[in-house]
Amino acid sequence: MDESTPTKTDRRRRRPALSCVSCRRSKIRCDRNLPCGACVRSKHKTCVFEPQGPSLSRRSGLSAAAAGLIEPADMQSVSIAGPTRSPVVNGAAYVHHNDGLHEDHSGVSHTGSTPVDSTSSQGRGSAFDVKSLLERIRDLERRLEESTGEQPEQPGPSTTRALASGPEPITTYPSYLSGELFSMRKGVVSKNRYLGQSHWMNQVESFRFVLEVFEVRSQEKMSEPKSLLSKCKSLARTIKAKRWPELSSKFGTNIPPREMADTFVDAYLRTWETVYRIVHVPSFKKDYERFWLSPDSVDLSFLIQLQLIMAIGSTVYDDDFAMRKSAIQWVYEAQCWLISPNQKSRLTISGLQVMLLLCLAQQAASVSSDMVWLPIGQLMRTAMLMGLHRDPKKLPKMTRLHSEIYRRLWNTTLEFALESSLDSGGPPLISFQDFDTGPPADCDDDQLTDDNVPIASGPAEKFTDMSIALALRASFAARLAVARTLNDISIQHTYDDIIRLHGRLGAAYKSLSQTLQKFSRTELQPTTFQRRAMDLLVRRYFMALHLPYLHSAMNEPTYAFSRKIVAETSAKLYLTVFPLAASSPRPSRPSEDDTPVSMDDLARFTSSGGGFFRCIISQAAMAVGFELQSQLQEDDSLGPPTPRVDLLNIFRDSIAWLYSRIVAGETNIKGYLFESALLAHAEGLMNGLKGEELADGISQAGVDAARTAFEILQFQAGPSQDESTDANNPQLDFDPMLTAGGSWGYDNTNILFDLNSINSVFGPMTGPDMMATDFSQW
């Protein structure tokens, strides 16, 4: 009788409950998402599904892990021992973006919901249980962090770093030499700019001792380095006033003679046009010849293109950049043309080519080169507005020439956006899901015509006009992953992630090297400039990837690999531009008896230009200096410390490089002063100096460097000058890169012009003179 009578427990409902707890209590339909729609609408903070596994009772009190519902591989992600934070922002699961391809490590979408398959409930209990527990844990951690303001511990080599909702710890480095620098997680703040991890200013904190020496000495009365810096600043204003171009609404009034113009154009076409494809060379040469036959027969857009091309080519005309003033004027006229009225008329291929050439010319002529990330953002949006982010096959029918020009310009736009991200420390703002334009065709310019004749495909080993650009495109995904990891604050990474990215970047670099090597067996081969430029552009990502761990590597053997990579890569980057530096460095200040050494094209770009032309070598030199300093401090031998000779020679040569920049027209002397002090620090350690003697040597080296720079600037400013007039000129007073407490940008002209409105160029148009400006040329 008792056996046949069903118990109360047996009569319980056996069908698993698929709705969430809140919907079952409210007796409403649940869509079974996580969180469900009803919880979202009712603004419930948590949406929990009860476990349904056969071994897990509602009242058992066992966790999912104890019940055996989580696989061993998942146990690591659920473990919450210690103060480690889950990679969650505001309760939403963190999704790691890899090269624009969303790789979800948590099983939760961007909106926090995961669709549920209503046709099958197999395994649903385990999945719901794990997700609900994870969500509950993350929510509790977030609430605890918000209520206590507790900060996560510094991550170890295998700890995932998470964003904290409270304030981040900030370290301040006050110095009249570096300016007030605020260091924090994934970046620094200098003046009113936030500079991500890839920016070179993040390296300054590694040289705290030298900065402190200058800070202490600056407190003394009549501090000579500080006084010399002030005098150099006044001279710099005078020099830049002489470079100020004449304001005019008439473009093309400063075209050089044909012979000189041919030299400038040829210099550009043989250098960066072979790497970054911007113009269709046969079409450009045709218009170029037409211009010299009849200057009025060409469009104004072509005239602006020609001037920008000459501005880039004139950088390598000589070692001293004698054409700097003309190059600045050509850049200025292009800026004026782009902000002139009727912007819709410039939504053309030629208008986009002007924008691309302007971004490159700003860096070559060092005109607001440290701010080029801003116009590149405008360039990216203009290209998208014109439809370049869509493959020409999906657009209205166009000729073969226009289709390939579209693909080439979009490819160059992507490269500029990525490079500027690494230089400025800003996020790349690029995602593979934002475009579907394919790579350009591997063909020569002569094969592209206005008809739709198919391009004849040649052998894969044939070197074409597009081979370098396509080889660079093949490594784009790996390089984008590095830039995003460094500068995107939403991406948290472990040291294991860095090692994986290093391996991926290494595979891309190896593939690129093999691609260039196969062309060595063909009739046409890459030029020396192309090989060195490619090596410079790709290899720098190894250094940028490991630089954030360089300072920690001094105390943590775990990061020793990063220290080795930074030291070796920075030396190779410098030797790529100056191959003889490791064996025979140039004198820091050449004398009249020294034989002048003429520089090649790549060396002249780095010695005269700004932007990435300067940034790569500057970062490499500072990394070499840091490794040199660390080796000397770690040497525990009984005799005097002996560093690596090649690193010492490279760092000595970098002083000569900075000297050549000042001779070529650089008006900021802080880099020259700072690295001279670093070299004095290293040589003082080699000579066994300590304490006050070492500090005296560092300070004296800074004074000597400032005197040398002052003499050069005084010569460039000329004998006749009115410093009082220049000092009171409000237009010339804006110089955040040269003030005593300013940052260290190497921009020659900084922001010469306020190009936010046409009034700032030609003055306000009011009264009877309102129509005085002739816009007919626009």
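None of the values given here were measured: they were computed from a predicted structure.
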Trainee: Could you pull out all residues at least two apart from Phe612 that satisfy ring-ring contact (aromatic ring centres under 6.0 Å, His included)?
Mentor: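 Phe612 satisfies ring-ring contact (aromatic ring centres under 6.0 Å, His included) with Trp272 only.
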Trainee: Which distance, rounded to the nearest 0.5 Å, do you find between the OH of Tyr541 and the CG of Leu422?
Mentor: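 Here the rounded value is 5.0 Å.
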Trainee: Working note: Phe476 + Asn411, criterion side chain to side chain contact (heavy atoms under 4.5 Å, CB included); need CA distance, chi angles, decisive distance, verdict.
Mentor: CA-CA 10 Å; Phe476 180 79; Asn411 186 68; over 6 Å; no
Trainee: Name the residue from Asp391, Leu388, Leu414 that meets the side-chain contact (heavy atoms from CB on, under 4.5 Å) definition with Phe435.
Mentor: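 With Phe435 as partner, Asp391, Leu388, Leu414 yield a single side-chain contact (heavy atoms from CB on, under 4.5 Å), made by Leu414.
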Trainee: Do Ser26 side-chain atoms and Ile28 backbone N/O form a donor-acceptor pair below 3.5 Å?
Mentor: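 Checking the backbone N and O of Ile28 against the side chain of Ser26, no donor-acceptor pair under 3.5 Å is found.
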Trainee: Say whether, by atom type as modelled, one donor and one acceptor occur between the side chain of Thr413 and the main chain of Leu409 under 3.5 angstrom.
Mentor: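 Yes, Thr413 side chain to Leu409 backbone: donor-acceptor pair under 3.5 Å.
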Trainee: Which distance, rounded to the nearest 0.5 Å, do you find between the CG of Leu352 and the CE of Met386?
Mentor: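 Leu352 atom CG to Met386 atom CE measures 5.0 Å (nearest 0.5 Å).
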Trainee: Lys393 and Asp436: salt bridge (charged side-chain N to carboxylate O under 4.0 Å, His left out), yes or no, with the steps?
Mentor: CA-CA 10 Å; Lys393 293 180 180 178; Asp436 57 13; over 6 Å; no
Trainee: Can you see which heavy atom on Arg473 is nearest to which on Pro439, and at what distance?
Mentor: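 Distance-wise, the nearest heavy atoms are NH1-CA, 3.9 Å.
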Trainee: Testing the basics here: between His199 and Asp423, what is the closest heavy-atom pair and its distance to 0.1 Å?
Mentor: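 Smallest heavy-atom distance, with atoms named: CD2-O, 3.1 Å.
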Trainee: Quick one: pull up CD1 in Ile498 and CD1 in Ile565 and give me the separation to the nearest 0.5 Å.
Mentor: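 It is 12.5 Å, given to the nearest 0.5 Å.
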Trainee: Can you name the closest pair of heavy atoms from Val538 and Ser475 and give their distance?
Mentor: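 That would be CG2-OG, 4.1 Å.
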Trainee: If we only count heavy atoms from C-beta on, is the Phe542 to Val482 side-chain gap below 4.5 Å?
Mentor: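 They are not in side-chain contact.
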Trainee: Ring-plane angle category for His551 and Phe626, please: parallel below 30°, perpendicular beyond 60°, tilted otherwise.
Mentor: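 It falls in the tilted class, 30° to 60°.
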Trainee: Would the distance check show the side chain of Gln363 and the main-chain N or O of Cys359 forming a donor-acceptor pair, the cut-off being under 3.5 Å?
Mentor: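 Confirmed, Gln363 side chain pairs with Cys359 backbone.
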Trainee: Any non-hydrogen side-chain atom of Gln378 less than 4.5 Å from a side-chain atom of Leu374?
Mentor: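 SC-SC contact between Gln378 and Leu374 ruled out.
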Trainee: How many angstroms lie between atom CG of Leu486 and atom NE2 of His493, to the nearest 0.5 angstrom?
Mentor: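 Interatomic distance, Leu486 CG to His493 NE2, rounded to 0.5 Å: 7.0 Å.
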Trainee: How far apart are the closest heavy atoms of Ser421 and Pro427, and which atoms are they?
Mentor: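 Taking every non-hydrogen atom into account, OG-C, 3.6 Å.
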Trainee: Of all heavy-atom pairs between Ala483 and Leu418, which one has the smallest distance, and what is that distance?
Mentor: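 Closest approach of Ala483 to Leu418: CB-CD1, 3.6 Å.
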Trainee: Are more than 12 heavy atoms from other residues, nucleotides or ligands located less than 6.0 Å from atom NE2 of His389?
Mentor: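 Atom NE2 in His389 is packed in, count exceeds 12.
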Trainee: In sequence, state the C-alpha distance, the side-chain angles, and the governing distance for Lys564 and His546, and then conclude on side chain to side chain contact (heavy atoms under 4.5 Å, CB included).
Mentor: CA-CA 9 Å; Lys564 178 178 182 297; His546 291 276; over 6 Å; no
Trainee: State the OG-NZ distance between Ser19 and Lys27, to the nearest 0.5 angstrom.
Mentor: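 Answer rounded to 0.5 Å: 13.0 Å.
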Trainee: Could you walk me through whether Val275 and Leu537 satisfy the side chain to side chain contact (heavy atoms under 4.5 Å, CB included) test, starting with their C-alpha distance in whole Å, then the side-chain angles of each, then the deciding distance to 0.1 Å, before giving a yes or no?
Mentor: CA-CA 10 Å; Val275 179; Leu537 293 174; 4.1 Å; yes
Trainee: Look at the side chain of Ser420 and the backbone N and O of Ala417, then say whether any donor-acceptor pair between them is shorter than 3.5 Å.
Mentor: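 Answer holds: yes.
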Trainee: Can you tell me how far CG of Leu545 sits from CZ of Arg540, rounded to the nearest 0.5 angstrom?
Mentor: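 The CZ atom of Arg540 sits 13.0 Å away from the CG atom of Leu545.
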Trainee: Any side-chain donor-acceptor pair under 3.5 Å between Tyr495 and Ser562?
Mentor: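 On atom types as modelled, these side chains qualify, holding a pair under 3.5 Å.
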Trainee: Flag the pair Glu419 / Arg479 as yes when at least one side-chain heavy-atom distance between them is below 4.5 Å, and no otherwise.
Mentor: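 Result yes, sub-4.5 Å side-chain heavy-atom pair found.
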Trainee: Counting C-beta onward and ignoring hydrogens, is there a side-chain heavy-atom pair between Trp410 and Arg407 closer than 4.5 Å?
Mentor: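 With C-beta onward as the side chain, the pair stays apart.
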Trainee: Hey, what's the ring geometry for Tyr559 with Tyr549, parallel, tilted or perpendicular (30° and 60° as the breaks)?
Mentor: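 Rings of Tyr559 and Tyr549: tilted, 30 to 60°.
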Trainee: Between Asp497 and Thr494, is any side-chain donor less than 3.5 angstrom from a side-chain acceptor?
Mentor: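 Yes, because at least one side-chain N or O of Asp497 sits under 3.5 Å from a partner of the opposite role on Thr494.
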Trainee: Would you say that Met355 contacts Arg346 through its side chain, given a criterion of any heavy-atom pair below 4.5 Å between the two side chains?
Mentor: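 A side-chain contact is absent here, since even the closest heavy-atom pair is not under 4.5 Å.
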Trainee: Are the side chains of Leu550 and Leu547 in contact, using a 4.5 Å heavy-atom criterion?
Mentor: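 Side-chain contact under 4.5 Å: yes.
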Trainee: Show the nearest heavy-atom pair for residues Leu395 and Gly387, with the distance to one decimal.
Mentor: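 Shortest heavy-atom contact: CD1-O, 3.6 Å.
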Trainee: Please check if the side chain of Thr412 supplies one atom and the backbone of Arg277 the other of a donor-acceptor pair under 3.5 Å.
Mentor: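 Between the backbone of Arg277 and the side chain of Thr412 there is a qualifying donor-acceptor contact (under 3.5 Å).
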